[in-house]
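The block underneath contains the structure these notes are about, expressed in structure tokens.
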Protein chains: 2
Amino acid sequence: MGERRAVSMADVARLANVSSQTVSRVANGETSVVESTRQTVLRAMEELGYRPNSAARALKRGAFRAIGVMTFTLSTTGNVRTLEGIVAAAAVHDYAVTLIPVNAPSQDAVRGAFTRAGELAVDAVVAIMETHLASDAPAPYPPGFKVVVADSDDAGDRHPVVDTDQAAGAASATDHLLDLGHRTVWHVAGPESSYAAQRRRDAWRARLVARGLQVPRVLHGDWTPESGYEIGLRLADEPSCTAVFAANDQMALGLLRAFHDRGLRVPEQVSVVGFDDVPEAASYIPPLTTVRQDFEQIGRLCVEQVLGQVRGTGPTTGTTLVPTQLVVRASSAAPGRTGARRPRRA
Amino acid sequence: MGERRAVSMADVARLANVSSQTVSRVANGETSVVESTRQTVLRAMEELGYRPNSAARALKRGAFRAIGVMTFTLSTTGNVRTLEGIVAAAAVHDYAVTLIPVNAPSQDAVRGAFTRAGELAVDAVVAIMETHLASDAPAPYPPGFKVVVADSDDAGDRHPVVDTDQAAGAASATDHLLDLGHRTVWHVAGPESSYAAQRRRDAWRARLVARGLQVPRVLHGDWTPESGYEIGLRLADEPSCTAVFAANDQMALGLLRAFHDRGLRVPEQVSVVGFDDVPEAASYIPPLTTVRQDFEQIGRLCVEQVLGQVRGTGPTTGTTLVPTQLVVRASSAAPGRTGARRPRRA
DNA sequence: TGAGCGTATGTTTGCGCAAACATCGGCCGT
DNA sequence: ACGGCCGATGTTTGCGCAAACATACGCTCA
């Protein structure tokens, strides 16, 4: 830390009456130091409160033992939980994690962030890019960087990609509702700019098509509960709508409130399924059936992949998908006999 | 980044046909370089893709331009949003942010984290310590560290503390309910181990006492919606309970569900007020009246304080309180005429 | 016109650490 | 008994950068 005059190896060496190289050897746990010497040095370190200087170490070794994590925002559950996973996994490998904020979801901003990353004390970066950027432009990830992209897409042809198996998750939600007997499933999608939103929507549609069912028009929200609420109010006026799959839990929350406000009972008259499994989902009214993402796992895999690159082992492309898990709670049930909405309970 | 052979100032100097010192001057924006020389150097940098090596810089300058942020968890809204505020404020000052996880809420774990911090490339640390540690033990923050503590207490006698004005926030929630006409206010507190929980509870009690009202027994949750639900079920059996102040929004969410499950209408029969103003609070059923914390502000103040210490200006003790704002939504209303619970609506 | 000064640039140095290489003893085997 | 070898420790060096100091080249003004 910014102590005025940090204790250096030379200081320890002087006190212990050895060379600074021996101090270095002890500090790095090398074996070729006789036990008595080691003890002397250790005692001197203790006495002086010696702490290795990471700048000098990094300069010498050419590596920082740190990973940069690039995100647009920490406001989404997914990003935060992925970050948590990354921090935990990095700690296991004794790596530090440095945050690299990206001001805006634009190519330029990402490039700027990489410029900063290049100057920062990091050996590699994990980019949590839930949004796709002006997609025609060239790769925003500068060459020569060790990068793993989380929660994105870009087909993993340039850098490894780790992502939730969005398609399987969306399919499991859709199938769950269909298997309950619903004639079709409506979908409240995320914004078009989101890879994850696209893929959930596509998988939902694919399931309906595969089962020869009618595909209702897609309703696009922006991930917020408010957008879910707006869409819910409209959906309340669609008598044929008995099941809705929302692309995230927050929008599902908005749906629940809209249906509640319109006097529509969930799940008796409309079933709702979300995506994410936020910690509150079990406490929604009613508790929300949803698709759980394993963010911890994603974080772990990102770290492993990125450290693989740092070590020179490990692939530099390819996509890793993390499975989801359908969590069935009280917001989904079989539809009424008519196939349209169940009559409202007296 | 970990490129094999990074471009150094010497490389740029060679290409631009100047000394490496001149390159350094250009890189650092010093004025004493003639424009034509500057341009030559800039072009050479561009061509080579030069990027200053932060390790060497840090070694030379004795500073990293980085702040460490210490937290137990990123699972709480407050921590994450404080972190976001810190990252944003740090970016303004061109500081990087490194995460320092603390494995457990114990003195030892904190001490370990500080040891790591000492070896890490950070100039100072912001500790987000929402929990108090075995309080009789000596200061967990080693001397000589530049530390600011957020969301805690410890009276700011050893390090600066930045915190939400918990007392004022809790008082405003309590007064709001009393001013609506409730005879008293029940309180669902957070865990005893939390400073914030203690202070909210104490302020709530103080308001009741100041107004000469009966103080109901305190119910302790653990911040989770589930604990709020359990307590809500018990509260539903208390006919005298017409107003509840929950120490956070998640527990309030649990209360709402418990009351819903017991057929108690909010706010007609029971009013509920939360604390935090999470983004979903406006979409709860009904939308939650709550006390908004200004985490961005907290983050900003933490950074300013800690950079003040780094610069040697700025105080090394003292407490800064950030005001809260009561956000009135639909979950709070006047009680029934009887002073007990309003009759359930037909 | 030349002393004096300021400005642009170059040279030296060392930050703390750890590879690479050097040295110094003792211990082995024959 | 002595060459050779190995294990423990010391010495040198340079990572990339930027202070500190040195130099060189005008330009001003008496």
Side-chain angles (χ1 to χ4, degrees), chain A residues 1-45 48-66 118-123, chain B residues 1-45 48-66 118-123:
Chain A
M1 284 269 297
E3 278 315 80
R4 49 254 98 217
R5 233 271 213 264
V7 180
S8 77
M9 282 193 166
D11 302 319
V12 177
R14 209 169 302 120
L15 180 61
N17 216 358
V18 297
S19 76
S20 69
Q21 185 56 231
T22 299
V23 178
S24 170
R25 285 193 259 257
V26 172
N28 290 288
E30 284 180 35
T31 50
S32 62
V33 180
V34 122
E35 190 53 27
S36 61
T37 311
R38 168 187 308 282
Q39 288 307 327
T40 313
V41 172
L42 251 19
R43 234 175 296 117
M45 282 180 171
L48 263 27
Y50 170 74
R51 233 160 255 331
N53 176 316
S54 68
R57 242 161 146 95
L59 178 58
K60 188 98 239 294
R61 305 215 258 233
F64 300 94
R65 288 195 87 79
E119 300 168 8
L120 238 43
V122 299
D123 302 316
Chain B
M1 284 266 298
E3 280 314 81
R4 329 287 80 217
R5 232 283 209 249
V7 181
S8 78
M9 282 195 168
D11 301 318
V12 176
R14 209 169 302 118
L15 179 62
N17 215 1
V18 297
S19 76
S20 69
Q21 184 56 231
T22 299
V23 177
S24 169
R25 284 193 260 255
V26 171
N28 291 288
E30 286 182 32
T31 50
S32 63
V33 180
V34 118
E35 189 52 27
S36 62
T37 311
R38 170 187 307 282
Q39 288 307 328
T40 314
V41 171
L42 251 19
R43 235 176 295 118
M45 282 178 170
L48 263 29
Y50 169 74
R51 235 162 254 331
N53 176 315
S54 68
R57 237 148 139 105
L59 177 57
K60 187 99 235 300
R61 306 216 256 233
F64 300 94
R65 289 196 85 80
E119 299 168 8
L120 236 44
V122 298
D123 302 316

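Lettering of chains follows the sequences in order, A, B, ..., and the numbering in each one begins at 1. The figures here come from the full heavy-atom set of this structure, side chains too, leaving out hydrogens, waters and symmetry mates.
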Task: Residues Thr40(A), Val18(A); criterion side chain to side chain contact (heavy atoms under 4.5 Å, CB included); working and verdict - done: CA-CA 9 Å; Thr40(A) 313; Val18(A) 297; 5.8 Å; no
- [ ] Quick one: closest heavy-atom pair of Met9(A) and Ala27(A), and the distance?
- [x] CE-CB, 4.0 Å
- [ ] Calculate the interatomic distance between Phe64(B) atom CZ and dC15(C) atom P; express it in whole Å.
- [x] 16 Å
Task: Distance, rounded to the nearest Å, where Glu35(A) contributes CD and dT9(D) contributes C1' - done: 16 Å
Task: For Arg43(B), salt bridge (charged side-chain N to carboxylate O under 4.0 Å, His left out) partners two or more places apart - done: none
Task: Whole-Å distance separating the CG atom of Leu48(B) from the P atom of dG16(D) - done: 13 Å
- [ ] Verify the contact: side-chain N or O of Arg61(B) to OP1 or OP2 of dA19(D), cut-off strictly under 4.0 Å; return yes or no.
- [x] no
- [ ] Tell me which residues in residues 19-27 of chain B put a heavy atom below 4.0 Å from DNA chain C, sorted by number, or none.
- [x] Ser19(B), Gln21(B), Thr22(B), Arg25(B)
Task: Intermediate values then yes/no, side chain to side chain contact (heavy atoms under 4.5 Å, CB included), Arg57(A) and Asn28(A) - done: CA-CA 11 Å; Arg57(A) 242 161 146 95; Asn28(A) 290 288; 3.8 Å; yes
TODO: Could you check which of dT9(C), dC17(D), dC17(C) has an atom nearest any side-chain atom of Met9(B)?
DONE: dC17(D)
- [ ] Check step by step if side chain to side chain contact (heavy atoms under 4.5 Å, CB included) holds for Gln39(A) and Ser36(A).
- [x] CA-CA 5 Å; Gln39(A) 288 307 327; Ser36(A) 61; 5.8 Å; no
TODO: Answer with base, sugar-phosphate or nothing: what part of the nucleic acid does Ser32(A) contact at a heavy-atom distance below 4.0 Å?
DONE: base
Task: Protein-nucleotide distance (Glu30(B), atom CD; dC17(D), atom P), rounded to Å - done: 14 Å
- [ ] For Arg57(A) and dC15(C), give me the distance from atom CZ to atom C1', rounded to whole Å.
- [x] 16 Å
- [ ] Please report how far the helix from dT1(C)-dA30(D) to dT30(C)-dA1(D) bends, comparing the axis fitted to its first five pairs with the axis fitted to its last five, to the nearest 10 degrees.
- [x] 40°
Task: Short side-chain N/O contact from Asn28(B) to OP1 or OP2 of dA18(D), under 4.0 Å - done: yes
TODO: Figure out the CG/P separation between Asn53(A) and dG16(C), and round it to whole Å.
DONE: 7 Å
- [ ] Just do the side chain to side chain contact (heavy atoms under 4.5 Å, CB included) check on Arg38(B) and Val41(B) with the steps written out, would you?
- [x] CA-CA 5 Å; Arg38(B) 170 187 307 282; Val41(B) 171; 5.8 Å; no
TODO: Compare every heavy atom of Val12(B) with every heavy atom of Tyr50(B), then report the nearest pair and how far apart it is.
DONE: CB-CG2, 3.6 Å
Task: Rounded interatomic separation in angstrom, taking CD from Glu119(B) and P from dC17(C) - done: 11 Å
- [ ] Nearest 0.5 Å please: distance from the OG atom of Ser54(A) over to the CZ atom of Arg61(A).
- [x] 10.0 Å
Task: Candidate list Thr22(B), Val26(B), Asn17(B), test side chain to side chain contact (heavy atoms under 4.5 Å, CB included), partner Thr37(B), passing option - done: Thr22(B)
- [ ] Choose from dT9(D), dT9(C), dG14(C) the nucleotide whose nearest atom is closest to any side-chain atom of Lys60(B).
- [x] dG14(C)
TODO: Take the protein atom CG of Leu59(A) and the nucleotide atom C1' of dG14(C), then report the distance between them rounded to whole Å.
DONE: 12 Å
